Amino acid sequence: MTVVEPFGLSVRDQALEADVQAGLTAVEEGLLEATKSEVPFIQEAAQHLLRAGGKRFRPLLVMLAAQFGDPHAPGVVPSAVVVELTHLATLYHDDVMDEADVRRGVPSANARWGNSVAVLTGDFLFARASHVLADLGPEAVRVQAEAFERLVTGQILETAGPRDGRDPIEHYLDVLGGKTGSLVAVSGRFGAMMSGADETVVDVLTQYGERLGIAFQLADDVLDIASESRESGKTPGTDLREGVPTMPVLRLRERAARLGLAEDVELCELLDGDLSDDDRHAEALTRLREHPALEQARRDTVRYAEEAHATLAPLPECDAKSALVELCDAVVHRAG
């Protein structure tokens with residue numbers, strides 16, 4: 001058994017390991033090439049988060065999905081570059097919206113160069129992703145366009161909040177399906193599609209990616225509360241400070257409304273206050289880390305990871321399928 005990054009994914013088959021490693025190496029080279037510019041400052045900004053590292057979760061899924069067809073087909077690596085460039089672009093924009101100071105263990109682009117440069121750099125990355133995508137054919141363009149629409153819709157829904165009478169948790173899961181699930185679903189779809197896998201396999205891996213993406217974001221929600229910055233690569237409680245609703249907070253509010261316990265209501269009032277104050281922010285983090293709502297959010301993560309696992313049932317038994325199952329386990333492990 002050998003280990004493939006990210007997540008320390010165990011791979012038992014040497015040929016599969018070689019394909020995945022070679023694919024991820026080629027993706028890294030493709031990302032560097034796609035973010036080059038004749039303007040040195042643009043290149044520096046575009047490669048800022050790229051060079052900071054990252055899990056390359058989406059390219060990994062592309063490589064594993066491609067194992068159900070021809071993993072060496074010419075469109076596999078470029079499609080992985082497209083999804084990772086798109087993901088990187090959204091990080092630049094997210095950090096502006098969240099006013100984040102740290103991303104992947106380094107100063108965020110907006111903290112280093114200001115919001116305007118960060119937004120424009122994200123736009124530059126979207127443009128480069130489109131340039132790579134154009135060579136993959138009209139079907140790939142359509143798939144990416146639909147996913148991008150869902151991604152933006154999810155962000156808008158998050159900003160607007162749930163309409164009157166809508167369950168905030170159901171609303172949030174819809175947000176995650178758009179913001180995160182859509183692009184992870186495309187990763188599974190592109191890998192299978194570009195490798196020439198059967199349409200049934202393409203559909204299975206698309207559904208798998210959607211559910212795994214939601215589980216992945218729910219794990220991030222838990223990490224935002226539970227982790228130290230050295231584990232997550234960003235400042236703990238960033239979403240909390242900015243008032244961004246995440247699953248642990250939503251589960252707390254649900255419990256407070258249902259049970260009316262004084263300590264829950266008091267914690268909700270603390271979260272509704274000014275968390276730009278470091279002491280109040282630290283108190284909120286400490287209390288949330290000890291609250292049952294955090295464990296409920298972990299259970300939500302497990303549920304979606306298990307659903308992702310279940311979608312794989314129609315696929316033939318092979319090392320690639322085993323790796324996809326283990327990827328579900330790795331996402332749950334992130335949430336503790």
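Only a predicted model underlies this, so the values are computations on that prediction, with no experimental measurement involved.
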**Complete:** One should read off an interatomic distance between Gln296 CD and Leu250 CG, to the nearest 0.5 angstrom, of 11.5 Å
**Request:** Taking the side chain as every heavy atom from C-beta outward, state whether Leu85 and Leu31 have any atom pair closer than 4.5 Å.
**Result:** yes
**ILVMFWY clustering at 4.5 Å (side-chain atoms), partners of Leu259** = Leu261
**Asked** Taking atom CZ of Arg189 and atom CD of Glu139, what is their separation to the nearest 0.5 Å?
**Response** 6.5 Å
**Asked** Quick one: ring pair (Phe, Tyr, Trp, His ring centres under 6.0 Å) pairs with a partner in residues 129-186, sequence neighbours left out?
**Response** Phe126-Phe148
**Request:** Taking the side chain as every heavy atom from C-beta outward, state whether Asp239 and Asp220 have any pair of such atoms under 4.5 Å apart.
**Result:** no
**Item:** ILVMFWY network linking Val132 to Leu91, side-chain heavy atoms under 4.5 angstrom
**Value:** yes
**Asked** How far apart are the C-alpha atoms of Phe216 and Val184, what are their side-chain angles, what is the distance that settles it, and do they pass the side chain to side chain contact (heavy atoms under 4.5 Å, CB included) test?
**Response** CA-CA 9 Å; Phe216 185 83; Val184 181; 5.8 Å; no
**Lys36 backbone acceptor or donor facing Arg128 side chain under 3.5 Å** = yes
**Request:** Answer yes or no: does atom CZ of Arg163 have more than 12 heavy-atom neighbours from other residues, nucleotides or ligands under 6.0 Å?
**Result:** no
**Request:** Measure the spacing between CZ of Arg255 and SG of Cys268 and express it to the nearest 0.5 Å.
**Result:** 10.5 Å
**CZ on Arg51 to CD on Glu44, rounded to 0.5 Å** = 10.0 Å
**Request:** Would you mind checking if Arg303 and Glu306 are paired as a salt bridge, meaning a charged N to carboxylate O distance below 4.0 Å?
**Result:** no
**Complete:** Here the ring pair (Phe, Tyr, Trp, His ring centres under 6.0 Å) pairs for residues 102-123, sequence neighbours left out, are Phe41-Trp113, His48-Trp113
**Prompt:** Just how far is it from atom NE2 of His281 to atom OG1 of Thr286, taken to the nearest 0.5 Å?
**Reply:** 10.0 Å
**Prompt:** In terms of side-chain geometry, is the basic nitrogen of Arg298 or Asp221 positioned less than 4.0 Å from the acidic oxygen of its partner?
**Reply:** no
**Fill in**
Applying salt bridge (charged side-chain N to carboxylate O under 4.0 Å, His left out) to Glu170 and not counting sequence neighbours gives Arg166
**Message:** Can you confirm whether Asp272 sits close enough to Arg253 that some side-chain heavy atom of one is under 4.5 Å from a side-chain heavy atom of the other?
**Reply:** yes
**Message:** Could you check whether any side-chain heavy atom of Leu32 comes within less than 4.5 Å of a side-chain heavy atom of Gln47, counting everything from C-beta outward?
**Reply:** yes
**Prompt:** Can you find a pair of side-chain heavy atoms, one from Gln217 and one from Thr246, that are under 4.5 Å apart?
**Reply:** no
**Prompt:** Any donor and acceptor pair, going by atom type alone, linking the side chain of Ser227 with main-chain N or O of Asp224 inside 3.5 Å?
**Reply:** no
**Asked** How far apart are the C-alpha atoms of Val77 and Met63, what are their side-chain angles, what is the distance that settles it, and do they pass the side chain to side chain contact (heavy atoms under 4.5 Å, CB included) test?
**Response** CA-CA 8 Å; Val77 168; Met63 296 304 135; 4.2 Å; yes
**Message:** Looking at Glu149, I'd like to know if its CD atom is crowded, meaning that more than 12 non-hydrogen atoms belonging to other residues, nucleotides or ligands lie closer than 6.0 Å.
**Reply:** no
**Item:** For the student: nearest non-hydrogen atoms of Met194 and Val76, plus distance
**Value:** CB-N, 3.9 Å
**Request:** Provide the closest heavy-atom pair for Gly188 versus Ala65 in the form atom of the first, atom of the second, distance.
**Result:** O-CB, 3.5 Å
**Item:** Minimal non-hydrogen separation, Ser195 against Ala66, with atom names
**Value:** CB-O, 3.4 Å
**Request:** Compare every heavy atom of Ala297 with every heavy atom of Arg251, then report the nearest pair and how far apart it is.
**Result:** CG-N, 4.5 Å
**Prompt:** Rounded to the nearest 0.5 Å, what separation is found between the OG1 atom of Thr301 and the CE atom of Met247?
**Reply:** 8.0 Å
**Request:** Return yes if some donor-acceptor pair links the side-chain N/O of Asp277 with the main-chain N/O of Asp279 below 3.5 Å, else return no.
**Result:** yes
**Prompt:** Is the backbone of Ala45 close enough, under 3.5 Å, to the side chain of Tyr92 for a donor and an acceptor to pair up by distance?
**Reply:** yes
**Prompt:** Any side-chain donor-acceptor pair under 3.5 Å between Glu158 and Gln155?
**Reply:** yes
**Asked** With no hydrogens and no angle check, is any side-chain donor or acceptor of Arg241 less than 3.5 Å from a backbone partner on Ser276?
**Response** yes
**Request:** Report yes or no: do His72 and Asp19 form a side-chain donor-acceptor pair below 3.5 Å?
**Result:** yes
**Prompt:** Is any side-chain heavy atom of Val81 less than 4.5 Å from a side-chain heavy atom of Glu33?
**Reply:** no
**Message:** Under 4.5 Å between side-chain heavy atoms, counting indirect links through other Ile/Leu/Val/Met/Phe/Trp/Tyr residues: same cluster for Leu183 and Val152 or not?
**Reply:** no
**Item:** His87 atom NE2, neighbour heavy-atom count above 12 within 6.0 Å
**Value:** yes
**Prompt:** Salt-bridged, Asp264 to Arg258, with N to O below 4.0 Å?
**Reply:** no
**Message:** Quick check: do Asp203 and Glu199 have side-chain heavy atoms less than 4.5 Å from each other?
**Reply:** yes
**Item:** Joint cluster assignment, Val325 & Leu61, ILVMFWY side-chain distance < 4.5 Å
**Value:** yes
**Message:** Minimum heavy-atom separation for Val204 and Leu312, please, with both atom names.
**Reply:** CG1-CA, 4.2 Å
**Asked** Okay, side chain of Ser182, backbone of Lys179: is any donor-acceptor separation there less than 3.5 Å?
**Response** no
**Message:** Could you report the tightest heavy-atom contact between Phe124 and Thr35, atom names first, then the distance?
**Reply:** CE2-O, 4.3 Å
**Request:** Could you walk me through whether Glu210 and Arg150 pass salt bridge (charged side-chain N to carboxylate O under 4.0 Å, His left out), step by step?
**Result:** CA-CA 12 Å; Glu210 177 93 14; Arg150 288 190 62 207; 2.8 Å; yes
**Asked** So, the side chain of Tyr208 versus the backbone of Leu324: is there a donor-acceptor pair under 3.5 Å, distance only?
**Response** yes
**Request:** Any chance you could pull the hydrophobic cluster mates of Leu271, using side-chain heavy atoms under 4.5 angstrom and chaining through other members?
**Result:** Val222, Ile225, Leu240, Val249, Leu252, Leu267, Leu270, Leu275, Leu285, Leu288, Leu294
**Prompt:** Would Val27 end up clustered with Val62 when hydrophobic side chains under 4.5 Å apart are linked, directly or stepwise?
**Reply:** yes
**Request:** List, by chain and number, the other hydrophobic cluster members for Val332, where Ile, Leu, Val, Met, Phe, Trp and Tyr join if side-chain heavy atoms come within less than 4.5 Å, directly or indirectly.
**Result:** Val302
**Message:** I'd like to know if Glu283 and Arg280 make a salt bridge, using a cut-off of under 4.0 Å between side-chain N and carboxylate O.
**Reply:** no
**Prompt:** Is there a path of hydrophobic side-chain contacts, each under 4.5 Å between heavy atoms of I, L, V, M, F, W or Y residues, that connects Leu50 with Leu120?
**Reply:** no
**Request:** Evaluate the criterion salt bridge (charged side-chain N to carboxylate O under 4.0 Å, His left out) for residue pair Glu263 and Arg287; output intermediate values, then yes/no.
**Result:** CA-CA 10 Å; Glu263 57 267 32; Arg287 292 177 64 175; over 6 Å; no
**Message:** For a 4.5 angstrom cut-off between non-hydrogen side-chain atoms, does Phe57 reach Leu327?
**Reply:** yes
